[in-house]
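Working notes for the structure below.
Below, all heavy atoms of this structure are taken into account, side chains as well, without hydrogens, waters or symmetry copies. Letters go in sequence order (proteins before strands), and every chain restarts at 1.
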Number of protein chains: 2
Amino acid sequence: MSSEQLAELAGVNAAKVRKDLSYLGTYGTRGVGYVVGELVDEIANELGLTHDWPVVIVGLGNLGHALANYRGFGARGFRIVALVDTDGSKVGRPLGELTIESLDELDVIVAQREVAIGVIAVPAPAAQEVADRLVAAGVGSILNFAPTVVTVPDHVTLRKVDLATELQILSFYQQHRTPSPV
Amino acid sequence: MSSEQLAELAGVNAAKVRKDLSYLGTYGTRGVGYVVGELVDEIANELGLTHDWPVVIVGLGNLGHALANYRGFGARGFRIVALVDTDGSKVGRPLGELTIESLDELDVIVAQREVAIGVIAVPAPAAQEVADRLVAAGVGSILNFAPTVVTVPDHVTLRKVDLATELQILSFYQQHRTPSPV
DNA sequence: CTCTGTGAAATTTTTCACAGCG
DNA sequence: CGCTGTGAAAAATTTCACAGAG
């Protein structure tokens, strides 16, 4: 497949595709293009998709359940190894292959199962507390779904997914009738 | 509040804050700083948060439920006006203030309630079909949570939230021990 | 010939640094 | 004075355009 075709599919400039791919090394063949399978392998390799990343989900309301049931984490190297909630009535309840555990067990869970990533799916008021506990337990990366600002030490990577923000971006484009970006 | 303080809170350079805010007009006072309330109003105004945007959620599995129950859409001007599912056994079931309706009613729902934004929360295989129906019904913007590529005509704005991608970005940083961005 | 890989140019974004207002 | 608003400089990103490999 040529950089032109890849660019078309990705909605970007062909030169950009070539420049970006060139950072991986020389995987194209002049006059021919790229072998898609090779590219996929090399990109997976470069992005670290060869690792297996144990994940803990904190908070099992609707969103937590949705995440716990989400197909496709496995295919990308993420293994959900624990489900944690503060709600005593939820603790002990089975969910898929796992059983909901108490937030108080977090330290042990993270240490024993070598959890690398924590997902916060609790209500906003509890998010900072959960983040602090995750950090204290030794988690290196946090994905926060709670609609609130959470702060963590520098050595911890934090990302936030804010559903209302996504809608806001959409409505902004709609309002301005700007041609759709990515 | 000074641009310095705002920059600190946002984790960016103070000059950038001033430059960005200057595009809104002249809302700061030299020697003093910005009046936060004024800024909030002006930004809300510029971003179109004064509108009210009717939203339809398609697919009421765990994720759809989570979205339907999500607090904070209202505060940002998004009003969920319809919940739609293909599953006959779900149709008619009440959820919050709304009742789940059939996908077949989509055209009427969108037209009558002036729906501007559609949220796709169905399994991946059904996503394209739902997107097509939303477009046909006249929705101008779509937020897709299904982990699959969906294509829409140019005049429709599409955004995608892919949970696995978010985790991938996290694990990439973790692997490279790069200082946390954003 | 075709299509990559890549210097160089163009463009965009970010930062600097300072005149000048309150 | 202190802090904004903003030209100008610096840095980063994207695109061009073409030598050269297959």
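The two residues Asp132(A) and Thr151(A) have their closest heavy-atom pair at OD1-O, 4.4 Å.
For Arg30(B) and dT4(D), the CZ to C1' distance is 5 Å, given to the nearest whole Å. What separates CZ of Arg18(A) from C1' of dA19(D) is a distance of 13 Å, to the nearest Å. Rounded to whole angstrom, the span from the CD atom of Glu4(B) across to the P atom of dT4(D) amounts to 8 Å. In this entry the distance linking OH of Tyr34(A) with P of dG22(D) reads 14 Å, nearest Å. Counting to the nearest Å, the C1' atom of dT2(C) and the CE atom of Met1(A) are 17 Å from each other.
Using modelled atom types, one finds no donor on one side chain facing an acceptor on the other under 3.5 Å when comparing Tyr27(A) with Glu38(A).
Using bins of under 30°, 30° to 60° and over 60° for the plane-to-plane angle, the ring pair His51(B)/Trp53(B) lands in the parallel bin.
At a threshold of 4.0 Å, the pair Asp87(A)-Arg93(A) does not count as salt-bridged, since none of the basic side-chain nitrogens sits closer than that to a carboxylate oxygen. A salt bridge links Asp162(A) with Arg76(B): at least one charged nitrogen is closer than 4.0 Å to a carboxylate oxygen.
Not a single donor-acceptor pair under 3.5 Å links the side chain of Glu105(A) to the backbone N or O of Ser102(A).
Checking the phosphate oxygens (OP1, OP2) of dC3(C), no side-chain nitrogen or oxygen of Tyr27(A) falls inside 4.0 Å.
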Taking N or O atoms only and anything under 3.5 Å, show me the protein contacts with nucleotides 12-15 of chain C, one pair per line.
residue	atom	partner	partner atom	Å
dT14(C)	OP2	Lys16(B)	NZ	3.3

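For Ser22(A), whose side chain is taken as the heavy atoms from C-beta onward, the closest listed nucleotide among dC3(D), dT6(C), dT4(C) is dT6(C).
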